[in-house]
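No experiment lies behind these values; they were computed from the predicted model shown. To find a chain, count down the sequence lines: A is the first, B the second, and so on, and within it residues start at 1.
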Protein chains: 2
Amino acid sequence: MPLPTATLAALASPRRREILRLVWQRECSAGEIHAAMPDVTFGAISLQLKSLTGAGLVECRRAKQFRYYRARRDALAPVAAALEHMWNDALWNLKLAAELEESRRGPRPQRRRRGKRKD
Amino acid sequence: MPLPTATLAALASPRRREILRLVWQRECSAGEIHAAMPDVTFGAISLQLKSLTGAGLVECRRAKQFRYYRARRDALAPVAAALEHMWNDALWNLKLAAELEESRRGPRPQRRRRGKRKD
DNA sequence: CGCGTAATTTAGATGAAACTAAAATACAAA
DNA sequence: TTTGTATTTTAGTTTCATCTAAATTACGCG
């Protein structure tokens, strides 16, 4: 499972993480979210909510004239899984490297390209 | 353990992830990395390597006239752990609040205020 | 030293992201 | 229907990231 670009890009913004924090435990209307961030306009919040929704990190429920947003926590699972897979792979490689160093006498298989690359 | 903005931003770029993948298992010189990505110039690769190094995701070793880069795989552990903890950690709010406050006081606090909003 | 290779850095162009103000849309109630 | 509230969307601006091309630094070797 590759790292999902859209999710990472959405998470890379502190502003969007702040919104995600607000709707993490319980749903909030767009107005409530904006009320918690008075330093930007309502329109800016709406655009960020659109971005977060597009990335699949939040979902929206309509009731009356309100729109209630809440985090889709399960959307973080692929990212966490991919990162952990890389991390586990790192541990595996470190152990393998130690084992190889202990008994290094055979030719190394992956070290082909050494000489000229372009002409 | 806040979500590190720099690391997420570095990971959010497919180009940088491709570089990271190349230097994940074994170190590569900057020239080798560029040879694997012929669609951009050497300078662009060097800038991305600088970005990755600044985010702590790769490290550099100098030998002769070469610079060998390799992934700092342990740098992914904090991100994976932070994402993992977001599921059930009720204290995430406090952590993110501290992170945002620091970010607002940091070297790049916020945009220049141009227009005035309604009062 | 001077030359060639490896890589970084600079300056400038381009496009995307994020914001604002204002207009547009959606819906409830009078 | 009209009015008011809630929210989105549009148009324009600013900021930021990324790229190219060229200049520059660093280093090894004759």
Side-chain angles (χ1 to χ4, degrees), chain A residues 5-6 8-19 22-23 27-55 58-70 113-119, chain B residues 5-19 22-23 27-55 58-70 103-104 106-119:
Chain A
T5 299
L8 285 170
L11 286 174
S13 155
R15 177 82 64 195
R16 282 191 293 268
R17 285 206 302 276
E18 185 177 7
I19 295 177
L22 285 172
V23 299
E27 63 183 11
C28 299
S29 69
E32 287 174 314
I33 295 169
H34 176 229
M37 309 184 186
D39 57 327
V40 284
T41 61
F42 207 158
I45 297 298
S46 182
L47 289 171
Q48 297 286 33
L49 284 169
K50 189 179 180 181
S51 174
L52 282 165
T53 307
V58 303
E59 60 189 356
C60 185
R61 176 180 72 89
R62 300 178 66 150
K64 305 261 187 173
Q65 68 267 51
F66 301 93
R67 279 177 156 91
Y68 292 101
Y69 290 89
R70 70 173 170 185
R113 264 207 205 208
R114 267 309 248 256
K116 51 188 178 178
R117 302 188 323 283
K118 263 175 96 173
D119 46 1
Chain B
T5 299
T7 309
L8 286 170
L11 288 173
S13 155
R15 178 81 65 195
R16 282 191 292 268
R17 284 207 304 278
E18 176 68 10
I19 294 177
L22 282 173
V23 300
E27 64 183 11
C28 298
S29 69
E32 285 174 317
I33 295 169
H34 176 229
M37 314 171 107
D39 57 326
V40 284
T41 61
F42 205 152
I45 298 298
S46 184
L47 289 172
Q48 297 285 36
L49 284 169
K50 188 180 179 180
S51 175
L52 282 166
T53 306
V58 303
E59 61 189 355
C60 185
R61 175 180 72 89
R62 299 178 67 150
K64 304 259 188 173
Q65 69 267 52
F66 302 93
R67 279 178 158 90
Y68 291 102
Y69 290 88
R70 67 174 172 187
S103 131
R104 288 209 177 99
R108 195 180 313 173
Q110 61 186 29
R111 307 274 184 279
R112 182 164 55 102
R113 296 243 61 84
R114 281 187 305 110
K116 57 170 66 172
R117 306 185 314 105
K118 58 184 175 199
D119 49 334

Nearest to the [X] side chain among [options], which nucleotide is it?
| X | options | result |
| --- | --- | --- |
| A:Lys64 | D:dT18, D:dT7, C:dA28 | C:dA28 |
| B:Arg16 | D:dT18, C:dT20, D:dT7 | D:dT18 |
| A:Leu47 | D:dT8, C:dC19, D:dG28 | C:dC19 |
| B:Ala30 | C:dC19, C:dA18, C:dT8 | C:dT8 |
| A:Arg67 | D:dA6, D:dT8, D:dT18 | D:dT8 |

OP1, OP2 of [N] versus side-chain N and O of [X]: anything below 4.0 Å?
| X | N | result |
| --- | --- | --- |
| B:Gln48 | D:dC19 | yes |
| B:Lys50 | C:dT8 | no |
| A:Arg62 | C:dC27 | yes |
| B:Thr41 | D:dT20 | yes |

Whole-Å distance separating the [atom1] atom of [X] from the [atom2] atom of [N]:
| X | N | atom1 | atom2 | answer |
| --- | --- | --- | --- | --- |
| A:Ile45 | C:dT20 | CD1 | P | 9 Å |
| A:Glu27 | D:dT7 | CD | C1' | 16 Å |
| B:Asp39 | D:dT18 | CG | P | 15 Å |
| B:His34 | C:dA6 | NE2 | C1' | 12 Å |

Could you check whether [X] gets within reach of a base, just the sugar-phosphate, or nothing at all, counting any heavy atom under 4.0 Å?
| X | value |
| --- | --- |
| B:Ala44 | base |
| A:Gly43 | base |
| A:Ser29 | sugar-phosphate |

